[in-house]
Amino acid sequence: MTPNFKCHWKFSGPKPVWNIDRRRHPIRPTSGERRAQLAYRRAATHRLPVGRCSLRARRAPVHAGPAVLKLLGHRLLWSLPVVFVATALSFVLTSVVPGDAAQMMLGPQATSDQIVALRQSLGLDKPMFEQYGSWLAHAVHGDLGTSTLSGEGITSQLNEHLEVTFSLLILGTLASAVLGLALGITSAVRGGVTRSIVDVLSLGGMAIPNFWLAVVLTSFFSVTLRLLPVAGYVSFADSPGQWARSLVLPVTSLAIGGATIIAKQTRDSLGQVLGQDFIKTLRANGLAHRSILFRHALRNAGVPIMSVIGVVFVGLIGGTIFVEQVFAMPGLGSIVQQATASRDVPVIQGAVVYFTLLVVAANLLVDLCYGAIDPRVRVR
């Protein structure tokens with residue numbers, strides 16, 4: 001849609017007035033009008049006091065609300081099959097693992113009659129699809145069952161340990177994004193030796209396992225320097241300061257690998273955008289380097305960067321299981337490890353539901369960021 005221009009020019013001396021309303025005269029501007037537009041743009045760029053002009057472009061209002069709601073509904077609709085497939089696959093895998101949960105609960109001295117009676121009370125003697133259907137019918141209403149090992153409610157048990165894992169995931173993703181964006185932008189702008197350093201750090205960060213890095217950081221900062229706690233977790237409600245100190249080393253262990261991946265993607269995407277023609281045009285018009293970099297170039301390179309940040313978040317879910325074991329943190333990873341060792345299938349199923357919902361929420365947030373960065377995504 002061609003915008004409607006309405007400009008008034010006044011000079012000292014003869015005062016020619018250019019007053020054209022494109023709503024009434026939808027014609028192409030003459031050469032004099034084009035020269036006036038060019039003079040206005042030069043004056044606005046260099047801030048020269050050449051006259052007084054107002055250039056107004058009337059555009060059709062953009063209503064992003066319905067498009068965003070449509071995008072949300074579409075993504076939530078597709079997330080339901082993902083949750084169903086993930087829970088069904090985990091149920092099948094845990095069912096074919098060798099071992100008997102009833103025998104592990106009763107111990108080696110239990111008789112066969114006791115084991116059969118316990119299997120019947122737990123419903124383990126039923127076919128696999130019938131067990132999964134019964135579990136799914138209760139899970140839809142928010143009841144994930146009870147633990148076969150402790151007899152406690154799985155939902156309340158997982159909610160108690162969710163804070164630890166959620167804190168690690170959120171802070172680890174934020175630290176990875178901030179550090180990766182800083183390294184990637186610096187590498188794309190400066191190049192040369194900085195580019196080579198970022199490449200070396202990216203390869204090293206992707207090659208180092210986070211649990212090995214956690215052990216090294218603990219031995220240096222906690223054992224040698226005695227600056228940070230070795231293990232444990234303090235809730236934010238109890239002491240915000242101790243909560244932050246208990247998360248420094250775990251979050252650092254998780255963020256190093258993700259930051260290197262984000263840095264490499266940021267460097268490649270931003271370097272490609274900075275070489276395009278519209279960036280050269282903005283530089284020729286005299287825009288500030290910071291405005292070109294952050295308002296134009298980084299936004300055009302933001303979609304692939306957001307994709308990598310979402311992948312890093314999903315990868316950190318697996319990393320939290322090992323990091324929680326190293327730092328003895330009572331998160332979802334420790335529950336999964338104990339449930340796997342004792343063949344507590346309902347707890348494993350509940351943990352899979354929680355992890356799947358975290359992945360779905362992360363993908364949904366990434367899609368919303370796509371729409372904020374590139375409005376064309378909302379109407380696809």
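Remember, it's a predicted structure, so these values are computed and weren't measured experimentally.
Between L282 and F278 there is a side-chain heavy-atom pair separated by less than 4.5 Å. Within the 4.5 Å cutoff, the side chain of I279 has heavy atoms near those of the I292 side chain. Side chains of R295 and L287 form no contact here, defined as non-hydrogen atoms less than 4.5 Å apart.
Of all heavy-atom pairs spanning L183 and A263, the tightest one is CB-CB, 3.8 Å. The shortest heavy-atom contact between I185 and F294 is CD1-CE2, 4.2 Å. A pairwise comparison of heavy atoms in Y132 and A88 identifies OH-N, 3.6 Å as the closest pair. Nearest heavy atom pair, residue V347 against residue A339, reads CG1-CB, 3.7 Å. The minimum heavy-atom distance between L144 and Y354, with the atom names listed, is CD1-CE1, 3.8 Å. When every heavy atom of E163 is checked against every heavy atom of Y233, the shortest pair comes out as OE2-OH, 3.1 Å.
Ring pair F211/F322 is tilted by interplanar angle, where 30° to 60° counts as tilted.
To the nearest 0.5 Å, atoms CZ (R299) and CG (L293) are separated by 14.5 Å. Distance check: L168 CG to L254 CG gives 6.0 Å after rounding to the nearest 0.5 Å. Here the CD1 atom belonging to I321 is positioned 8.5 Å from the OG1 atom belonging to T340, to the nearest 0.5 angstrom. Rounding to the nearest 0.5 angstrom, the gap separating the NE2 atom in H289 from the CZ atom in R283 is 7.0 Å. To the nearest 0.5 Å, atoms CD1 (I197) and OG (S202) are separated by 11.5 Å. Note that CD of Q337 is 10.5 Å distant from CD1 of I348, once rounded to the nearest 0.5 Å.
In the hydrophobic clustering of ILVMFWY residues, with side-chain heavy atoms under 4.5 Å counting as a link, L249 and L225 come out together. Under the 4.5 Å side-chain heavy-atom criterion for Ile, Leu, Val, Met, Phe, Trp and Tyr, M306 and L270 are members of the same hydrophobic cluster. Cluster annotation: W78 is not connected to V82 through the hydrophobic network of ILVMFWY side chains, with a link wherever side-chain heavy atoms come within less than 4.5 Å. Put simply, L201 and V193 are part of the same group of oily side chains (I, L, V, M, F, W, Y) that touch within less than 4.5 Å, one to the next. Taken together through direct or relayed side-chain contacts under 4.5 Å among Ile, Leu, Val, Met, Phe, Trp and Tyr, L316 and V311 form parts of separate hydrophobic clusters.
Looking only at distances, a side-chain donor or acceptor of Q131 sits under 3.5 Å from a matching main-chain atom of K126. Between the side chain of R190 and the main chain of R195, no donor-acceptor pair closer than 3.5 Å is present. Proximity of a side-chain donor or acceptor of S134 to a complementary backbone N or O of E130 within less than 3.5 Å is not detected. Side-chain N or O atoms of T356 include one that pairs as donor or acceptor with a backbone N or O of V352 at under 3.5 Å. With hydrogens and angles ignored, the 3.5 Å screen pairs no side-chain donor or acceptor of S187 with any backbone N or O of G184.
Within the structure, the side chain to side chain donor-acceptor pair (under 3.5 Å) test picks out the following pairs touching residues 316-327 (sequence neighbours left out): T165-E324. Judged as a side chain to side chain donor-acceptor pair (under 3.5 Å), the pairs with a partner in residues 246-274 (not counting sequence neighbours) are, in order, D199-R267, Q265-S269.
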Step-by-step side chain to side chain contact (heavy atoms under 4.5 Å, CB included) determination, Q276 to N300: CA-CA 11 Å; Q276 294 183 4; N300 281 271; 5.9 Å; no
Stepwise side chain to side chain contact (heavy atoms under 4.5 Å, CB included) test for Y370 and S307: CA-CA 9 Å; Y370 286 164; S307 300; 2.3 Å; yes
Worked check of side chain to side chain contact (heavy atoms under 4.5 Å, CB included) between I305 and L181: CA-CA 9 Å; I305 296 174; L181 287 173; 3.9 Å; yes
Side chain to side chain contact (heavy atoms under 4.5 Å, CB included) assessment of V366 paired with I309: CA-CA 8 Å; V366 169; I309 292 176; 6.0 Å; no
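Using modelled atom types, one finds a donor on one side chain and an acceptor on the other under 3.5 Å when comparing S90 with Q349.
With V314 as the fixed residue, the side chain to side chain contact (heavy atoms under 4.5 Å, CB included) test singles out one of V359, L169, L358: V359.
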Which pairs of donor and acceptor atoms, one on a side chain in residues 216-224, lie under 3.5 Å apart (sequence neighbours left out)?
unit_1: T218; atom_1: OG1; unit_2: A214; atom_2: O; d: 2.7
unit_1: S219; atom_1: OG; unit_2: V215; atom_2: O; d: 3.3
unit_1: S219; atom_1: OG; unit_2: V216; atom_2: O; d: 2.8
unit_1: S222; atom_1: OG; unit_2: L228; atom_2: O; d: 3.0
unit_1: S222; atom_1: OG; unit_2: P229; atom_2: O; d: 3.2
unit_1: T224; atom_1: OG1; unit_2: S219; atom_2: O; d: 2.9

